[in-house]
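Right, one structure below, let's go through it.
Both counts, for ligands and for their atoms, begin at 1 and track the order of listing. Keep in mind the model is a prediction, meaning the values are calculated, not measured.
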Amino acid sequence: MNKPVQTHSNNRPIVSNATAQDASFSTGHAAKPRNDSLATSVTYPSSSQKTKSLSNDQIGTDSDAALTRTHSRPGWWKESVVYQIYPRSFQDTNGDGIGDLRGIIQRLDYIHALGADVIWICPVYDSPNDDNGYDIRDYYRIHEEFGTMDDMRELIERAATYGIRIIMDLVANHTSDEHAWFVESRSSLDNDKRDWYIWRPGEQEQPPNNWTSFFGGSAWQYDEATGEYYLHCFSRKQPDLNWENPDVRHALYEMMEWWLDLGIAGFRIDAITVIKKDQQLLSAPYDESKGSVPVGSVCLNRAGITDFLHEMKQQVLAPYEALTVAEAPGVTIADIDGYVDEEHGAFNMIFQFDHVDLDVSMYERAIYKPWQLSRFKQVLSNWQTATAERSWMALYMENHDHVRSVSKFANDAAYRERSAKMLATYYFLMRGTPFIYQGQELGMTNHYFTLIDDYRDLDSIHMYNEQIECGRSEQELLDYLYKRSRDQGRMPMQWDGSAQAGFTSGQPWLQVNPNYTEINVAAQLNDEHSVLYFYRQLVRLRKEHPAFIYGNYKEIYTDSEQIGAYTRTYKQEFWTVWCNFTESTISLPDLMSGERMLGNMDDHDSGTLRPYESVIYRTIQAN
Ligand code: TEU
Ligand code: CA
């Protein structure tokens, strides 16, 4: 593995003499003592002073009245809005049909105008692309499709001039099978790195046990060279690292430090709840009578995982004050403390999976179950309530693993624009840091692919082939993929009405949604009533009113199958957020009083919610 040496001149875009006191203007690394030549930092210009945390005074203290009490400590990452980029589909600049880092640089203006202050970039590391970059061959190189390390440095530097911080995807559960560590590991039974991955002998030509990977099929791959199997919770080109081995952990920590030294602000941490393997279960012998066991049922959030997470925090994340958001399937409300407690938690925040996976079960492959509004509201509210005192959530409706939220949770036909704004209102103003996934701010939709050959996602293709073999029909599987395929969220960003939506001058790696002629950035910039403008307004509203950041959350209309609503209270302010998730007009007897602050309809009638209407009210209470 070639770890490039960082030099003073090229690893810091804007050199300043920032000290720990200037923390809100640095990437926050000042706390780690280090060589003077490295103790420079990205500087944010004064136009971005808004990224400074509010003071304790501004957000209220525990001595305030109960209604106005806030429990959270201030933090710049709590006040931020994150924009997620799937680089492959964002903006191509050289006509090869694949988005690239220069494309991101080119669109910084757009992201800044939206109001985002952090960008999470999905993996751009060197990779054979079995899982679109989540199979890393070299952590210290940028995949040539995406550009160069110099482009990366330039991106960090240019983003900083907008006051925008960059976080990278940290894929630490597995590497590519083409990573130098694995190439060594598989070479012989006594290789130094043999124990860096999880190897087991098989049993009578069967894999070591009956676990099946997240992507289907056995989680074990036989390797000729040494006659043993290795574990892969994801694809067979993504062998799991053995976190029990301290050398593995330290190699990963070193890599993380290298990236933080480059000037990134932190990490979105991939599949981190999979890193701990129950050593006993791992060794359970193959048992055909038990059928298959999805790794999701045996490898997520196992006892002992927090030891690893806390070590990582102590060794790297805390000294750098890195922003951390962990992908956390399998973490339940009972586990909050270890993960996101303000003091003891390993991370700043997590992505929970309850609301996005209401429509599937890991035990029933490719079966779609319609979701229910009351459950959707309930799972989100449960997390809100459980984290109210001492922890924090990442708020999201979409990402690169999920379909378009307006197609899933709202109405992508007659009420597309209105319902996209309604859904945005619903999640964005909850307590937590909101994430916007590229294209979500336009109300981009799913697209029905009529041919399996049009899909690119390995998970979708694998599932299709596997289920066809089980006798399912092509039609029902295409129907399923329309509602669940990860490619739904990966179709190219729709910039304008020109060929290929302005995404590329060549052939896109995954087809563009034909509705780009209607749904695109250029059109929405020309229309003050567009979904895009509405997102900008929401971002501004949240930034201007600390109630949405530090205020208390409480759900109302809890049992309603039509309305999602809640209050945010803060000092003297009492806010209500109202969302109609249906096509019916609904009258509301109470609470909708005060000043209307933002809504998705111009002609709003107080006391009524029209189809997919949303509205936000504020009352200021007398002292
Ligand atoms: O996703 C991993 C992940 O945990 C889920 O998508 C998982 O399949 C599901 O929770 C099962 O319940 C991450 C990335 O976001 C994804 O794109 C990658 O393919 C995957 O890790 C492997 O790196
Ligand atoms: Ca390109």
query: Would you say the side-chain atoms of Asn465 pair up with the backbone N or O of His462, donor to acceptor, closer than 3.5 Å?
result: no
Gly97 backbone or side-chain N/O/S under 3.0 Å from the Ca ion (ligand 2): no
message: Closer than 4.0 angstrom, basic N to acidic O: yes or no for Arg484 and Asp357?
response: yes
- prompt: Looking only at non-hydrogen atoms, which of Asp401, Thr273, Leu458 approaches atom 16 (C) of ligand 1 most closely?
  reply: Asp401
- prompt: Which atoms of ligand 1 are found less than 4.0 Å from any heavy atom of His400?
  reply: 14 (C), 15 (O), 16 (C), 17 (O)
message: I need the atoms of ligand 1 closer than 4.0 Å to a non-hydrogen atom of His174, numbered in the order shown.
response: 22 (C), 23 (O)
task: Run down the list Pro294, Gly296, Ser235, Pro329 and name the one with the heavy atom closest to atom 4 (O) of ligand 1.
output: Pro329
message: How far is atom 21 (O) of ligand 1 from the closest protein heavy atom, and which atom is that?
response: Asp270 OD1, 2.8 Å
Taking atom 10 (O) of ligand 1 as the reference point, the nearest protein heavy atom with its distance: Phe353 CE2, 3.3 Å
- prompt: Just which atoms of ligand 1 are under 4.0 Å from any heavy atom in Arg486?
  reply: 16 (C), 17 (O), 18 (C), 19 (O)
query: Is ligand 1 under 4.0 Å from a heavy atom in the side chain of Met362, in the backbone, in both, or in neither?
result: neither
- request: Check whether the side chains of Tyr339 and Asn301 place a donor and an acceptor atom closer than 3.5 Å, and report yes or no.
  value: yes
task: Measure the OG-OH distance between Ser292 and Tyr363 for me, rounded to the nearest 0.5 Å.
output: 10.0 Å
For Arg490, the ligand 1 atoms whose distance to one of its heavy atoms is below 4.0 Å: 17 (O)
- prompt: What residue and atom, counting heavy atoms only, is the protein's closest point to atom 20 (C) of ligand 1, and at what distance?
  reply: Phe234 CE2, 3.7 Å
Residue, atom name and distance, where the atom is the protein heavy atom closest to atom 1 (O) of ligand 1: Glu327 OE2, 3.0 Å
query: Backbone or side chain, does Thr93 get an N/O/S atom under 3.0 Å to the Ca ion (ligand 2)?
result: no
field: Per-atom contacts of ligand 1 with Phe215, taking only distances under 4.0 Å to non-hydrogen atoms
entry: 19 (O)
task: Give the residue and atom name of whichever protein heavy atom lies nearest to atom 12 (O) of ligand 1, and the separation in Å to one decimal.
output: Phe214 CE2, 4.0 Å
field: His179-Tyr139 aromatic ring centre distance below 6.0 Å
entry: yes
query: For the ring pair Phe182 and Trp199, is the centre-to-centre distance below 6.0 Å?
result: yes
query: With no hydrogens and no angle check, is any side-chain donor or acceptor of Asn348 less than 3.5 Å from a backbone partner on Thr324?
result: yes
- request: Give the atom name of whichever N/O/S atom in Asp100 sits closest to the Ca ion (ligand 2).
  value: OD2
task: Begin with the C-alpha distance, continue with both residues' side-chain angles, and end with the deciding distance and a verdict on ring pair (Phe, Tyr, Trp, His ring centres under 6.0 Å) for Tyr396 and Phe351.
output: CA-CA 8 Å; Tyr396 75 105; Phe351 292 118; 5.1 Å; yes
message: Is the distance from the ring center of Phe376 to that of Phe409 below 6.0 Å?
response: yes
Under 3.5 Å: donor-acceptor pair, side chain of Asp92, backbone of Gly97: yes
query: What part of Tyr86 sits under 4.0 Å from ligand 1 if we count only heavy atoms: the side chain, the backbone, both or neither?
result: neither
message: With nothing but distance in play, are any N or O atoms of Asp357 less than 3.5 Å from an N or O of ligand 1?
response: no
- request: Could you tell me whether His402 approaches ligand 1 through its side chain, its backbone, both or neither, with non-hydrogen atoms closer than 4.0 Å?
  value: neither
query: Which angle, to 10 degrees, forms at the Ca ion (ligand 2) with O of Ile98 on one side and OD1 of Asp96 on the other?
result: 90°
field: Atom name of the N, O or S atom in Asp92 that lies nearest to the Ca ion (ligand 2)
entry: OD1
field: Nearest-contact summary for atom 19 (O) of ligand 1 - protein heavy atom, Å
entry: Asp131 OD2, 2.5 Å
- request: Look only at the side chain of Ser283 and the backbone of Gln279, and say whether a donor-acceptor pair between them is shorter than 3.5 Å.
  value: yes
query: Can Glu398 and Lys408 be counted as an ion pair, charged N to O under 4.0 angstrom?
result: no
message: So if I apply the ring-ring contact (aromatic ring centres under 6.0 Å, His included) rule between Tyr125 and each of Trp258, Trp259, Tyr140, which one comes out positive?
response: Trp259
